[in-house]
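Numbers here are sequence positions counted from 1.
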Amino acid sequence: MTAQAEPITFPPAPGRQDHRRELAELLGLTVAELPDEARFVDDLALDSLDMMSLAAWLDERGVRVDPAHATLGSVGEVLALLDNTAALGLTGLSVEMSDGRSELPGPPAPPADPLVPVLETRTFRLVPLEPKDVPFLYALAVHPRNCFRWRYHGVPPSPERFTDELWAHVLTQYVVRRVDDNQPVGHVVAYGANQNVSHAFLGAVFQGRYPGTGLAAETVALFARHLFRVFPLRKLYLEIPDFNWGQLSSGEGTYFETEGVLREHVYYAGRYWDQRVCAIYGDMHGQKPNPAKGTAR
């Protein structure tokens, strides 16, 4: 007579309503404002920094946002992912959001040398520019979705001019690539540093699927931390015309401070727009700054 194996049991997990209450607290909303059908962007008007906070909250609970399917659509979809994670008892592991399926990731990376610069999230990495990257960067800069927000303010330059000016007044810059397949998805740049390199300006541009998901904001936060770590910067400035303000306004007072407003400073689409000058602050001891999403220069 053989002994029967004990059935596998999992510890009780928080119910869906518990997750909904936690989500409401995270977003500063009531539970009643978070029905399953509520969409984060279209209905709740979450901006890029709100979505970054949401992605970080999910990551802490074992749900990783896959860059190939980066949009977190509705409250119900997110709660279903959390239900799947809890049902599998994946404490300390992660479930990857990919075409509606849940997949276990590989083992975590070994601890890194603390002096080696951190240039990678679990989704994107920052890679130094190479000559082969110029066509991608040019296409990204002149795309209609980006061109009016980026450095040329809606007027695409010639490829020759773009190449000549790529490093003009730049402190450092990186191509943003996906970790999973190394495909380029964006561009981050620090520019306009003063003579003593005590402050500089920060800018970023990404392919259209990523702004608003939180993944782009997380990567710019990584870039900001890197800049404070390797340069003696006191603060990083963000130049934000009002037509970009809705993408990151939730971060004011938390991730960055508005230091001034240039009235009717930028002309586009038949009118003049105010431009905000905001700052991310570092400190004299190299502590991590508050993350914030960069904007066009």
Side-chain angles (χ1 to χ4, degrees), residues 41-42 45-49 51-52 70-71 124 126 129 131 133-177 183-193 200-217 219-220 223-224 236-252 256 258-280 292-297:
V41 176
D42 294 340
L46 268 60
D47 67 14
S48 296
L49 294 174
M51 295 301 288
M52 180 179 70
T71 302
F124 297 141
L126 307 181
L129 271 65
D133 295 317
V134 174
F136 165 76
L137 296 177
Y138 179 76
L140 188 67
V142 302
H143 191 283
R145 187 184 296 108
N146 299 325
C147 192
F148 73 98
R149 302 181 189 276
W150 198 229
R151 64 188 295 183
Y152 293 104
H153 304 295
V155 183
S158 69
E160 295 77 15
R161 178 188 169 196
F162 178 83
T163 302
D164 289 343
E165 295 178 349
L166 190 57
W167 282 95
H169 310 296
V170 167
L171 179 63
T172 189
Q173 58 186 322
Y174 292 91
V175 175
V176 182
R177 292 182 175 273
Q183 290 300 304
V185 299
H187 181 200
V188 293
V189 55
Y191 63 99
F201 291 81
L202 187 154
V205 62
F206 285 81
Q207 289 178 331
R209 75 176 70 174
Y210 298 110
T213 65
L215 297 177
T219 305
V220 177
F223 182 49
L236 291 166
Y237 284 116
L238 311 172
E239 298 176 303
I240 310 173
D242 263 7
F243 54 74
N244 280 348
W245 183 240
Q247 296 184 354
L248 65 160
S249 59
S250 70
E252 186 178 25
F256 57 83
T258 297
E259 293 195 344
V261 179
L262 305 177
R263 299 299 182 189
E264 298 186 347
H265 186 71
V266 177
Y267 181 83
Y268 183 71
R271 55 165 288 191
Y272 287 93
W273 302 77
D274 293 349
Q275 178 162 288
R276 297 170 186 261
V277 179
C278 302
I280 309 170
K293 181 175 184 292
T295 55
R297 64 167 171 143

Indicate yes or no: at least one non-hydrogen side-chain atom of W150 is less than 4.5 angstrom from one of H187. yes
Evaluate the ring planes of Y174 and F223, with Trp represented by its six-membered ring, and classify them as parallel (under 30°), tilted (30 to 60°) or perpendicular (over 60°). perpendicular
With sequence neighbours left out, write down each residue that passes salt bridge (charged side-chain N to carboxylate O under 4.0 Å, His left out) with D274, or none if nothing qualifies. R263
Kindly indicate whether the side chain of V220, heavy atoms from C-beta on, has any atom under 4.5 Å from the side chain of F206. yes
In terms of heavy-atom contacts, L248 and F256 come closest through O-CZ, 3.5 Å
Among L215, T213, L46, which one satisfies side-chain contact (heavy atoms from CB on, under 4.5 Å) with M51? L46
What distance do T172 atom OG1 and L126 atom CG have between them, rounded to the nearest 0.5 Å? 9.5 Å
May I ask you to decide if A168's main-chain N or O and Y191's side chain share a donor-acceptor pair within less than 3.5 Å? no
Can you tell me how the ring of Y210 sits relative to the ring of F124, calling it parallel under 30°, perpendicular over 60° and tilted otherwise? perpendicular
In terms of relative ring orientation, are F162 and Y138 parallel, tilted or perpendicular, with 30° and 60° separating the classes? perpendicular
Which value, rounded to the nearest 0.5 Å, describes the distance between F136 atom CZ and Q207 atom CD? 4.5 Å
Please give me the minimum heavy-atom distance between L166 and V170, naming the atom from each residue. O-CG2, 3.6 Å
Would you name the heavy atoms of Y268 and W273 that are closest together and state the gap between them? O-NE1, 2.9 Å
Looking only at non-hydrogen atoms, find the nearest pair between P211 and S48 and report the distance. C-OG, 4.3 Å
Return the CG to CD distance between L238 and Q275, rounded to the nearest 0.5 Å. 10.5 Å
If you compare all heavy atoms of C147 against all heavy atoms of V155, which two are closest, and at what distance to 0.1 Å? SG-N, 3.8 Å
Residue pair D164 / R161, side-chain heavy-atom distance below 4.5 Å: no
Nearest heavy-atom contact between A279 and E259 is CB-OE2, 3.6 Å
With the side chain counted from C-beta on, respond yes when L129 and L137 share a heavy-atom pair under 4.5 Å apart, and no when they do not. yes
For the side chain of D47 and the backbone of S249, is there at least one donor-acceptor N/O pair under 3.5 Å apart? yes
I'd like to check the salt bridge (charged side-chain N to carboxylate O under 4.0 Å, His left out) partners of E252; sequence neighbours left out, ordered by chain and number. none
With side chains defined as the heavy atoms from C-beta onward, is the minimum distance between W245 and C278 less than 4.5 Å? yes
Note, W167 side chain near Q173 side chain (heavy atom, < 4.5 Å): yes
Separation between CG (L262) and CD1 (I240), nearest 0.5 Å, reads 11.5 Å
Side chains of F201 and E239: closer than 4.5 Å at any heavy-atom pair? yes
Heavy-atom check, side chain of R177 versus side chain of D133, under 4.5 Å: yes
